[in-house]
Participant: 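One structure, pasted below without further comment.
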Amino acid sequence: MFRKSLLLFTVTCGFSSPLSAGIFGTASAAGPSINVLKPTEAQEDAGKYISQYLLQNHYRKVAVNDSLSLQIFNRYIDNLDGSKSYFVASEVASLRRIYGTRIDDEFLAGKPTAGFGIYNFFLKRAKEKMRFMKIAADTTHFNFSVPENFDLDRKADPWPADRRQLTALWKQELKYQWLNLKYSGETNTTVRAALSKSFASRLNLLNRQKSEDAFQAYMNAVTTSFDPHTSYFSQDEYANFQIDMSRSLEGIGAKLQTESEYTVINEVIPGGPAFRSNLLKKGDKIIGVGQGRAYEIVDVTAWRINDVVKLIRGKKGTVVRLKILPASQGGRGPAKIIALVRDKVDLEEQAARKRIIHQNGQKIGVITIPSFYLDFEGQQQNTGNYNSTSRDVSRILNELNSERVDGIVIDLRDDGGGSLEEAVNVTGLFIPTGPVVQISNSTGGKMVLRDEDRRVLYNGPLAVLVNRYSASASEIFAAAIQDYGRGVVIGERTFGKGTVQSIIKLARPFSFFIKKPELGQIKLTIAKFYRISGGSTQHRGVVPDIFMPSMIDTATIGEDTYSSSLPWSTVSRSFYRSTAEITPEEIGVLRQKELERSSRNTLYQSYLQDLRTLNQIRKKKVVSLQDSAFKSEIETIKKIEKQWVLDQDSTKGVSRDVLLNESAGIVSDLADLKIKQRQTVIRTIPALN
């Protein structure tokens with residue numbers, strides 16, 4: 001819970017996330033309480049194995065001391081109260097004094113005592129807040145005409161000094177939620193009823209918390225103190241995760257995670273209903289779920305993620321409605337409702353696809369790769385028609401060659417990764433032979449994955465288009481193309497996920513006499529990816545040769561936004577021979593040509609202006625609680641989203657995809673450069689004779 005985590009198997013490199021556990025636990029340790037949560041025997045056993053695996057097998061070797069203790073404490077408190085709206089400053093100081101330097105000793109012993117103590121106290125304060133918010137929603141009449149601001153991002157702010165400041169903050173939060181609902185289409189009467197029902201539901205959830213909620217919350221603070229992609233699965237959570245990875249159950253085709261009290265879209269799975277609709281994006285927050293087209297939407301704020309998943313899953317062909325806070329709106333709302341028809345993931349829908357864009361009298365082929373997919377079972381059984389990215393891209397390249405395209409753009413935007421083997425194989429379609437990626441483990445051992453096939457299916461002008469959501473396998477491909485000088489990388493800096501994870505089952509020594517509960521699984525970071533030039537893709541990602549910004553909020557997305565992210569580092573350079581298809585000097589020429597062309601493109605300039613406006617809104621820490629100012633900002637966000645966030649209409653989408661069209665223009669420029677170079681060579685040959 002309360003984490004942002006990504007998954008990468010040792011056999012795949014993907015940008016995905018496990019399902020998280022619940023939001024809160026059940027009672028309080030400080031002050032009077034009815035039911036104090038305590039760890040079970042199985043949880044105490046699991047704690048011991050988790051600490052052992054972290055210390056013995058994790059890539060990062062961490063000294064267990066008071067420094068680690070305080071790191072875990074601070075992360076845990078931030079996870080529980082990231083908005084700093086439950087605790088006051090003196091309470092945090094008291095918790096730090098009691099628990100701050102003892103967590104390391106308990107960690108070595110595998111005991112979660114401190115975690116439960118803090119969690120129980122948090123529950124007491126969370127219940128107090130929900131009771132206050134419920135009463136205020138029922139009775140308070142707000143004045144929305146007075147100038148007042150609400151601080152949306154309180155991470156760097158101090159905790160309230162006292163209860164008076166705390167309740168003042170709660171009132172501001174309630175006003176903000178009121179305005180959000182109002183501009184999502186509710187009336188004043190329905191806003192009051194919706195808020196009252198939401199807070200009553202959340203209070204009910206708090207009263208029904210279990211020890212597994214406290215244990216999961218604490219273990220996530222412990223594991224993510226090593227790195228953001230290391231996490232613990234309870235047995236129930238792992239069962240959900242296996243269903244999710246098999247993609248065999250009907251649903252919407254999206255991976256979910258918990259961040260604070262929200263269920264958040266972490267990945268839209270290529271080939272699923274959400275992917276086909278283009279209505280859901282990474283970072284969107286799900287705040288309500290409704291069955292069919294008419295049933296009431298249930299508020300799921302602060303729900304356990306497993307319970308949210310149960311609501312979203314259902315029979316193929318049925319409709320589920322989601323109420324979301326779109327990430328594209330900078331976290332400011334308003335909410336919108338989307339309808340999706342449940343279905344299984346369609347492998348055909350996630351396959352690489354092509355189109356042709358005409359630029360300056362030239363034909364530019366576009367190959368969109370939603371993910372680096374591979375049917376492992378089909379490959380092992382050697383069936384003739386199994387799905388794989390490299391097979392599909394090979395077919396498309398042959399088609400584009402026969403159509404005599406003048407250049408190709410490989411579109412990897414929003415491609416979160418997939419099969420490492422396929423990333424290597426697809427790279428091999430564009431280079432003669434050689435290394436593609438290096439993998440280093442925690443002991444310093446290094447493995448180099450190579451393209452051994454000397455065939456080159458396409459050797460013409462090439463560009464790779466990326467954005468902040470391009471991760472893992474996408475970054476390996478883009479980095480190799482860049483390092484070989486085989487093509488130009490266009491877009492914005494990629495995600496920066498350059499680590500490898502493996503899932504390990506926590507198992508007790510075998511016993512003939514008693515069957516004890518399963519302990520769950522731990523996902524550990526065990527290795528890092530490195531470019532063949534020696535630098536890691538971790539943390540920094542791949543920096544494009546020609547920058548083009550997307551509508552993604554890059555301040556909140558990316559490996560460098562995680563506080564425990566493993567650092568960028570280097571290993572020795574692998575031996576490889578550059579193809580030198582494109583030189584630094586040529587990239588400089590292409591940059592200048594793109595600057596000149598884009599300055600004349602009124603559509604692109606309009607896009608950049610709207611993006612600047614959106615970023616100005618995103619950067620503001622505060623939002624106005626004055627009705628007129630709030631409305632103006634919301635309408636601006638909606639207008640920008642309607643103009644530039646592409647919808648299901650593919651015909652409209654191509655014409656409005658300014659980044660793809662500008663990229664095609666760059667490839668056209670590159671094709672012209674190559675033609676001129678060939679003409680120059682031809683003209684100089686007689687002179688040499």
Participant: Report yes or no: do Asp483 and Ser533 form a side-chain donor-acceptor pair below 3.5 Å?
Facilitator: yes

Participant: Is a donor on one side and an acceptor on the other found under 3.5 Å between the side chain of Arg540 and the backbone of Trp568?
Facilitator: no

Participant: Under a 4.0 Å N-O cut-off, is there an ion pair linking Asp560 with Arg493?
Facilitator: yes

Participant: Within the side chain of Arg154, is there an N or O that forms a donor-acceptor pair under 3.5 Å with the backbone of Ser83?
Facilitator: yes

Participant: Please check if the side chain of Lys61 supplies one atom and the backbone of His58 the other of a donor-acceptor pair under 3.5 Å.
Facilitator: yes

Participant: Ignoring hydrogens and geometry, is there a side-chain-to-backbone donor-acceptor pair from Asp284 to Ile286 under 3.5 Å?
Facilitator: no

Participant: Can you see which heavy atom on Asp414 is nearest to which on Ile552, and at what distance?
Facilitator: OD1-CD1, 4.4 Å

Participant: Looking only at heavy atoms, which two atoms of Asp104 and Ser69 are closest? And how far apart?
Facilitator: N-OG, 3.4 Å

Participant: Over 60° means perpendicular and under 30° means parallel, so classify the ring planes of Phe116 and Phe215, tilted if in between.
Facilitator: tilted

Participant: For residues Val542 and Val466, determine if any side-chain heavy atom of one lies less than 4.5 Å from a side-chain heavy atom of the other.
Facilitator: no

Participant: Examine distances only and state if a side-chain atom of Arg591 and a backbone atom of Asp545 form a donor-acceptor pair shorter than 3.5 Å.
Facilitator: yes

Participant: If we count only N and O atoms by modelled type, under 3.5 Å, do the side chains of Glu212 and Ser234 hold a donor and an acceptor together?
Facilitator: no

Participant: Determine whether Thr556 and Thr561 make a side-chain contact, defined as any pair of heavy atoms from C-beta on separated by less than 4.5 Å.
Facilitator: no

Participant: Is a side-chain donor-acceptor pair under 3.5 Å present for Gln71 with Ser225?
Facilitator: no

Participant: Can you find a pair of side-chain heavy atoms, one from Ser502 and one from Leu524, that are under 4.5 Å apart?
Facilitator: no

Participant: Could you pull out the closest heavy-atom pair between Ala109 and Lys48, with the gap in Å?
Facilitator: O-CG, 3.5 Å

Participant: Between Ile439 and Leu420, is a side-chain contact (heavy atoms from CB on, under 4.5 Å) present by the stated rule, with each step listed?
Facilitator: CA-CA 11 Å; Ile439 305 173; Leu420 176 59; 3.8 Å; yes

Participant: Give me the one residue out of Ile532, Thr537, Ile476, Val448 that meets side-chain contact (heavy atoms from CB on, under 4.5 Å) with Val437.
Facilitator: Ile476

Participant: What heavy-atom pair brings Lys282 and Phe495 nearest, and what distance separates the two atoms?
Facilitator: CE-CE1, 4.4 Å

Participant: If we count only N and O atoms by modelled type, under 3.5 Å, do the side chains of Ser470 and Glu492 hold a donor and an acceptor together?
Facilitator: no

Participant: Between Phe477 and Phe372, how do the two ring planes meet: parallel, tilted or perpendicular, split at 30° and 60°?
Facilitator: tilted

Participant: If you count the non-hydrogen atoms of other residues, nucleotides and ligands that lie under 6.0 Å from NZ in Lys446, is the total more than 12?
Facilitator: yes

Participant: Parallel, tilted or perpendicular: which fits the ring planes of Phe122 and Phe87, with parallel below 30° and perpendicular above 60°?
Facilitator: perpendicular

Participant: Hey, mind stepping through Arg618 and Asn615 against side chain to side chain donor-acceptor pair (under 3.5 Å) and telling me if it holds?
Facilitator: CA-CA 5 Å; Arg618 287 168 173 167; Asn615 282 333; 3.0 Å; yes

Participant: Please report the C-alpha distance between Tyr530 and Ser569 in whole Å, then the side-chain angles of each, then the deciding distance to 0.1 Å, and finally whether the side chain to side chain donor-acceptor pair (under 3.5 Å) criterion is met.
Facilitator: CA-CA 8 Å; Tyr530 289 87; Ser569 56; 2.7 Å; yes

Participant: So does Lys497 get a backbone contact from the side chain of Glu475, meaning a donor-acceptor N/O pair under 3.5 Å?
Facilitator: yes

Participant: Could you go through the side-chain contact (heavy atoms from CB on, under 4.5 Å) check for Leu659 and Arg413 one step at a time?
Facilitator: CA-CA 10 Å; Leu659 300 185; Arg413 289 175 299 173; 3.9 Å; yes

Participant: Within the 3.5 Å criterion, strictly below it, is a donor on Ser565 or His539 matched to an acceptor on the partner's side chain?
Facilitator: yes

Participant: Can you check whether Val571 reaches Lys528 side chain to side chain, under 4.5 Å on heavy atoms?
Facilitator: no

Participant: Quick one: do Gln216 and Tyr232 satisfy side-chain contact (heavy atoms from CB on, under 4.5 Å)? Show the steps, please.
Facilitator: CA-CA 7 Å; Gln216 187 75 53; Tyr232 165 72; 3.8 Å; yes

Participant: State whether a side-chain donor-acceptor pair under 3.5 Å links Ser474 with Asp415.
Facilitator: yes

Participant: Determine the minimum heavy-atom distance between Leu660 and Asp411, stating which atoms define it.
Facilitator: CD1-OD2, 4.4 Å

Participant: Are Met548 and Ser663 side-chain neighbours, meaning at least one heavy-atom pair lies under 4.5 Å?
Facilitator: yes

Participant: Are the side chains of Thr525 and Arg60 in touch, meaning some heavy atoms are under 4.5 Å apart?
Facilitator: no

Participant: If you count the non-hydrogen atoms of other residues, nucleotides and ligands that lie under 6.0 Å from NZ in Lys84, is the total more than 12?
Facilitator: yes

Participant: Any side-chain heavy atom of Ser388 sitting closer than 4.5 Å to one from Glu422?
Facilitator: yes

Participant: State whether the side chain of Tyr373 and the backbone N or O of Ala352 hold a donor-acceptor pair below 3.5 Å, judged by distance alone.
Facilitator: yes

